[in-house]
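One structure below.
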Amino acid sequence: MPSISIIGAGSWATALCKIFSESGVRINWWFHREEDARHFDRFSHNPRYLSDVDFSGKDIRVFSDLAACLCESDWLLVAVPSAYVSGVLSGLSADALKGKKIISSVKGILPGELQLVTDFLADRFHVLRYDMAVIGGPCHAEEVALEKQSYLTVAAADQSFAEEMKKLLSSRYISVSTSADMDGLEWAAVLKNVYAIACGVCHGIGFGDNFQAVLVSNSMQEMNAFLHQYAPFHRDALGSAYLGDLLVTAYSTFSRNRTFGNMVGRGYGIKAAQLELGMVAEGYYAINGLNKIREKMRLKLPIAEAMYSIMYQNAPVKETVEKLREILV
């Protein structure tokens with residue numbers, strides 16, 4: 001059985017640590033804050049995220065030294081917000097990842113590089129695509145903590161790797177499917193956060209369920225158009241890893257992106273909403289990156305464009321959504 005290093009200690013990293021630990025995998029867990037690592041060593045729970053999850057009796061070692069954490073493992077799971085991936089990994093050499101299987105559970109693009117995590121790993125560390133995999137939803141960390149029935153999708157170029165991950169992630173409350181659509185799964189995770197922010201904004205200014213249904217339907221059409229052009233693959237976009245992940249992120253009260261959008265719709269400034277949220281809303285950074293990519297592709301994505309206007313051009317929220325309302329069908 002492989003050993004795995006988990007890089008990141010947020011709610012999603014904690015949920016994935018819980019899932020992997022229940023399969024008996026030996027885990028080396030990297031915490032950015034040394035005091036949090038010491039707290040875990042003493043009390044066997046994450047002091048900041050999903051703190052009710054008790055890891056007592058699990059085979060978990062904690063580190064605040066990233067290089068030391070990595071050298072102990074066969075697999076590496078990257079589970080930090082996309083905005084921090086480059087900074088967290090920048091001090092490593094390519095040799096630090098040599099011979100390891102790399103899994104990304106990041107639901108965003110690197111803001112500076114405008115890259116998916118797998119593309120960044122390939123360019124910066126020369127990791128082969130065959131040695132990488134992606135974990136997607138639909139799945140909220142909070143429901144994993146509560147052991148509610150949840151679903152994951154694992155995409156990898158090497159299907160034997162995907163099947164091995166499926167075996168280790170599956171449990172009485174986690175169902176796992178596999179796919180070869182790595183790019184599509186990564187991009188779907190990026191895009192659904194953008195559209196969840198749009199749903200939150202519209203809810204915040206008072207639009208109801210009828211409008212939300214139309215907004216989500218149109219969002220799926222935009223996602224499909226982008227995926228078809230940017231990541232062509234014979235996929236079923238109505239599957240749970242695509243439409244399902246969009247739905248749970250757009251509607252759930254656990255969705256930090258929807259919550260962030262809702263605050264902006266209610267009148268919060270961007271910085272105030274980020275501070276109030278207290279966690280990273282990946283969609284905020286994805287909106288900017290997606291707009292740059294969209295412009296290069298000359299692709300029309302009206303909902304994404306409207307969110308860019310609100311989030312980065314200080315466009316009036318209600319007026320912008322009213323203009324959007326007129327073109328939705």
Can you see whether [X] engages [Y] through a side-chain donor-acceptor pair at a distance of less than 3.5 angstrom?
X: Y195; Y: E222; result: yes
X: S175; Y: Q149; result: yes
X: K192; Y: T249; result: yes
X: S93; Y: D95; result: no

How about F40 and F63: are their ring centres within less than 6.0 Å of each other?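 Not close enough - the centres of the two rings lie 6.0 Å or further apart.
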Ring centroid separation for F161 and W75, is it under 6.0 angstrom?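 Close enough - the centres of the two rings lie under 6.0 Å apart.
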Show the nearest heavy-atom pair for residues E282 and S82, with the distance to one decimal.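 Closest pair (atom of E282, atom of S82, distance): OE1-OG, 2.5 Å.
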Should the pair W30 and H32 be assigned to parallel (<30°), tilted (30 to 60°) or perpendicular (>60°) ring geometry?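 Answer is perpendicular, since the angle exceeds 60°.
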When the ring planes of Y308 and Y312 are compared, do they come out parallel, tilted or perpendicular, using 30° and 60° as the limits?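 Parallel.
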Carboxylate-amine/guanidinium proximity below 4.0 Å for [X] and [Y]:
X: E163; Y: K167; result: no
X: D158; Y: K101; result: yes
X: K323; Y: E319; result: no
X: D183; Y: R129; result: yes

Heavy-atom neighbours of F207 CZ exceed 12 at 6.0 Å: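 Enclosed: over 12 neighbouring heavy atoms sit under 6.0 Å from CZ of F207.
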Atom NE2 of H140 with >12 non-hydrogen neighbours under 6.0 angstrom: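 Yes, because the 6.0 Å sphere around NE2 of H140 holds more than 12 heavy atoms from other groups.
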Euclidean distance, [Y] [atom2] relative to [X] [atom1], rounded to 0.5 Å:
X: C202; Y: L215; atom1: SG; atom2: CG; answer: 5.0 Å
X: M132; Y: M182; atom1: CE; atom2: CE; answer: 5.0 Å
X: F120; Y: Q115; atom1: CZ; atom2: CD; answer: 7.5 Å
X: L116; Y: L121; atom1: CG; atom2: CG; answer: 10.5 Å

Any donor-acceptor N/O pair, N218 side chain to V214 backbone, under 3.5 Å: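 Yes.
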Criterion side chain to side chain contact (heavy atoms under 4.5 Å, CB included) on I7 and L76, from CA distance to verdict: CA-CA 7 Å; I7 307 306; L76 166 62; 3.0 Å; yes
Indicate if Y49 and F43 have the same hydrophobic cluster label, given that clusters are the connected sets of ILVMFWY residues with side-chain heavy-atom separations under 4.5 angstrom.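 Y49 does not cluster with F43.
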Could you walk me through whether E322 and R325 pass the salt bridge (charged side-chain N to carboxylate O under 4.0 Å, His left out) test, one step at a time? CA-CA 5 Å; E322 277 296 326; R325 180 187 64 81; 2.9 Å; yes
Minimum side-chain heavy-atom gap L16-I103 below 4.5 Å: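 They are not in side-chain contact.
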